[in-house]
Protein chains: 2
Amino acid sequence: MSKSSEQSFLDSYNPKDFDTPIYSVDIAIFTLHEGQLKVLMVERNEYPYKDYWALPGGFVDLKKDSDINATARRKLVSKTGVNAPLLEQVTTVGNAKRDPRHWSITTLYMALIPYAPTSAFIEAVNEARWVPIDETDQLKLAFDHKELLYFARERLKSKTAYTVLPMHVLKRPFSLTQLQKAFELLMDTQLEKKSFRRRILNADLLKEVGEGVPEGGKGRPATLYEPADGSENHLFVRVFGD
Amino acid sequence: MSKSSEQSFLDSYNPKDFDTPIYSVDIAIFTLHEGQLKVLMVERNEYPYKDYWALPGGFVDLKKDSDINATARRKLVSKTGVNAPLLEQVTTVGNAKRDPRHWSITTLYMALIPYAPTSAFIEAVNEARWVPIDETDQLKLAFDHKELLYFARERLKSKTAYTVLPMHVLKRPFSLTQLQKAFELLMDTQLEKKSFRRRILNADLLKEVGEGVPEGGKGRPATLYEPADGSENHLFVRVFGD
DNA sequence: CCAATAGTGTCTTTGAGACACTATGAG
DNA sequence: CTCATAGTGTCTCAAAGACACTATTGG
């Protein structure tokens with residue numbers, strides 16, 4: 001009885017009877033290249049904000065996406081060809097003004113990927129471009145993407161201070177010098193070499209996988225590392241670079 | 001010309017032409033009462049999940065809400081009568097299964113409020129109840145609210161370790177003993193008295209506002225404090241209670 | 001040898017953990 | 001006085017900052 005009246009309720013329910021905001025997902029995809037932190041931007045070729053630059057993103061495909069993380073991942077793969085990397089939710093923004101079409105909501109994700117495997121893919125795709133993070137303010141940005149980019153950038157900074165996030169922007173294996181450079185670029189500060197190495201090595205987050213040529217090709221060869229299992233989730237009890 | 005073709009694009013745009021998920025906001029509202037951490041739950045009197053318990057929440061009112069934070073705040077005020085307190089976003093969950101009606105998305109917020117001003121208001125409202133956090137698993141919970149509650153509880157624990165969040169569940173002014181109790185309940189650990197006081201006092205987060213009767217009415221009177229300006233945003237460089 | 005990069009020794013400083021201690025109120 | 005609660009003194013320990021030092025490669 002309760003069952004059948006619930007069923008009849010569900011049968012007569014039509015989501016289009018209600019005013020609902022439009023919902024989308026946007027991703028700030030970061031990488032390191034030429035000693036700079038860069039973010040992937042796409043040039044819009046449709047209204048609204050035609051010819052403006054935007055973070056990659058789009059709507060949920062109710063047929064294909066099992067959840068919103070899948071939506072984000074689908075967008076990430078379609079822009080970069082990469083599926084492996086760190087992808088996590090930053091925040092959700094929704095208001096009446098951000099999209100001229102309608103009351104609109106977006107969930108912002110950030111992703112970190114190494115540069116190498118993406119460059120060819122992205123050069124093939126027409127309107128996508130790696131933009132150095134300091135140069136994003138010279139572009140005309142669509143919607144509230146300037147603000148979204150700021151949120152993602154801040155999250156990147158703060159998580160770098162107590163996790164090992166930056167290893168996700170490096171091609172493996174990597175040296176400690178490379179890892180320190182990555183930390184410094186993501187946090188936008190200089191770090192002290194000894195402290196950095198002590199912290200990372202004592203936490204047992206990396207495994208040695210041989211030796212390699214040093215940064216720049218000159219000097220003593222560096223020990224190379226890969227992330228150890230479970231290191232992604234390590235939280236330091238103290239923040240770094242203070 | 002570009003202007004007018006954009007205008008005609010917008011004029012012909014109708015959000016109901018597209019399949020979009022349904023979107024809602026849910027809030028885990030926490031307080032401290034009788035030495036326990038409690039969360040506000042409401043009993044649903046409509047399908048789906050009629051007669052199940054749920055976190056307070058609801059849909060965006062496209063006319064009244066300027067943004068999704070306003071939606072959350074409106075729900076908070078309507079359930080508790082309180083507007084002042086800490087209210088922040090935890091995460092957004094969206095998938096095809098969580099709501100039997102449709103592909104559905106919710107943004108989860110958490111709020112912290114002192115017990116005192118709300119008790120009368122909530123007793124007047126019929127189907128709302130403060131449930132001790134350990135007893136929530138004895139209730140039949142609607143949708144994925146068991147999982148949402150878990151997310152909020154975890155966020156509460158982790159932020160307590162490096163901020164002064166717990167002060168928001170206390171009526172002002174409060175003693176350091178009360179504040180320590182609040183920390184312990186939100187983190188679900190015991191803290192060492194001296195370390196606790198040193199940490200809080202050295203950080204200059206509180207201002208003295210007199211003396212008051214001790215916990216339980218017996219013993220030496222305690223110094224009472226209120227949060228100093230800007231203390232909400234203080235981040236400790238080291239996590240606590242490790 | 002030099003230049004360049006990798007990696008270490010070691011002293012100082014900060015702040016948490018442990019835990020015994022003292023202080024101030026009510027009866 | 002005792003009991004109860006507030007609040008302190010002080011030692012140890014973990015981990016970051018500073019910075020000078022040594023090590024290993026190619027030329």
Side-chain angles (χ1 to χ4, degrees), chain A residues 35 158 160-164 166 170 173-184 187 189-226 234-242, chain B residues 35 157-158 160-164 166 170 173-184 187-226 234-242:
Chain A
S158 61
T160 298
Y162 60 95
T163 64
V164 277
L170 296 176
F174 47 79
S175 69
L176 285 178
T177 303
Q178 290 169 326
L179 187 59
Q180 181 174 346
K181 285 257 172 62
F183 269 79
E184 291 177 340
M187 294 183 76
T189 11
Q190 294 293 108
L191 297 177
E192 213 287 316
K193 181 161 66 165
K194 186 64 199 287
S195 306
F196 179 79
R197 301 170 92 95
R198 192 174 39 207
R199 178 179 171 107
I200 299 291
L201 261 12
N202 287 351
D204 229 41
L205 296 169
L206 302 179
K207 53 171 188 268
E208 294 189 22
V209 293
E211 282 205 341
V213 296
E215 284 277 282
K218 282 173 286 190
R220 174 175 169 178
T223 307
L224 298 179
Y225 298 87
E226 283 188 1
H234 183 83
L235 298 177
F236 292 98
V237 299
R238 185 158 163 187
V239 303
F240 195 45
D242 193 38
Chain B
K157 263 187 211 166
S158 62
T160 299
Y162 60 93
T163 63
V164 278
L170 296 176
F174 48 79
S175 69
L176 285 179
T177 302
Q178 291 169 324
L179 187 59
Q180 183 175 344
K181 285 257 171 60
F183 269 78
E184 290 177 339
M187 292 183 78
D188 198 21
T189 14
Q190 294 293 108
L191 296 177
E192 214 287 317
K193 181 160 67 163
K194 187 62 201 284
S195 305
F196 179 79
R197 302 170 92 96
R198 191 174 39 206
R199 180 179 170 105
I200 300 290
L201 261 13
N202 286 353
D204 230 40
L205 296 168
L206 302 178
K207 50 172 189 264
E208 293 188 24
V209 293
E211 281 204 343
V213 295
E215 284 279 280
K218 283 174 288 192
R220 173 175 170 178
T223 307
L224 299 179
Y225 298 87
E226 285 189 359
H234 183 82
L235 298 176
F236 291 99
V237 300
R238 187 162 163 183
V239 301
F240 195 43
D242 192 36

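Chain A is the first sequence line, chain B the second, and so forth, proteins listed ahead of strands; every chain is numbered from 1. Both backbone and side-chain heavy atoms feed into the values below; hydrogens, waters and symmetry mates do not. Predicted model, so just to flag it, every value in this text is computed and none were measured.
Counting only residues at least two apart or in different chains, ring pair (Phe, Tyr, Trp, His ring centres under 6.0 Å) contacts with residues 190-220 of chain B comprise B:Phe183-B:Phe196. For residues 206-218 of chain A, the pairs satisfying side chain to side chain donor-acceptor pair (under 3.5 Å) are A:Gln178-A:Glu215, with sequence neighbours left out.
Between A:Arg238 and A:Glu192, the residue anchored closer to the 5' end of DNA chain D is A:Arg238, taking for each the nucleotide with the nearest heavy atom.
Side-chain contact between A:Leu206 and A:Leu176 is present, with heavy atoms from C-beta onward closer than 4.5 Å. Side-chain atoms of A:Arg197 and A:Thr177, non-hydrogen and from C-beta on, do get closer than 4.5 Å to each other. Put simply, the side chain of A:Leu201 reaches to within 4.5 Å of the side chain of A:Tyr225, judged on heavy atoms.
No contact: A:Phe236 has no heavy atom under 4.0 Å from any strand.
Residue B:Gln178 contributes atom CD, which lies 13 Å from atom P of D:dT5 at whole-angstrom precision. A:Leu205 has its CG atom 13 Å from the P atom of D:dA15, to the nearest Å.
Along DNA chain C, read 5' to 3', the first and last nucleotides having any atom under 4.0 Å from a heavy atom of chain B are C:dG15 to C:dG25.
For the side chain to side chain contact (heavy atoms under 4.5 Å, CB included) test, residues two or more places apart in sequence or in another chain that qualify with B:Arg199 are B:Phe236, B:Phe240. Contacts of B:Leu224 classified as side chain to side chain contact (heavy atoms under 4.5 Å, CB included), with partners at least two apart in sequence or in another chain: B:Pro173, B:Ser175, B:Val209. Among residues two or more places apart in sequence or in another chain, the side chain to side chain contact (heavy atoms under 4.5 Å, CB included) test is passed with B:Asp188 by B:Arg153, B:Lys157. With sequence neighbours excluded, the residues forming a side chain to side chain contact (heavy atoms under 4.5 Å, CB included) with B:Tyr162 are B:Lys159, B:Leu235, B:Val239, listed by chain and number.
Within residues 213-226 of chain A, the residues having any heavy atom closer than 4.0 Å to DNA chain D are, in order of number, A:Gly219, A:Arg220, A:Pro221. In the region residues 194-203 of chain A, proximity to DNA chain C at under 4.0 angstrom, judged on heavy atoms, holds for A:Lys194, A:Arg197, A:Arg198.
Between A:Gln180 atom CD and A:Glu192 atom CD the span is 8.0 Å, to the nearest 0.5 Å.
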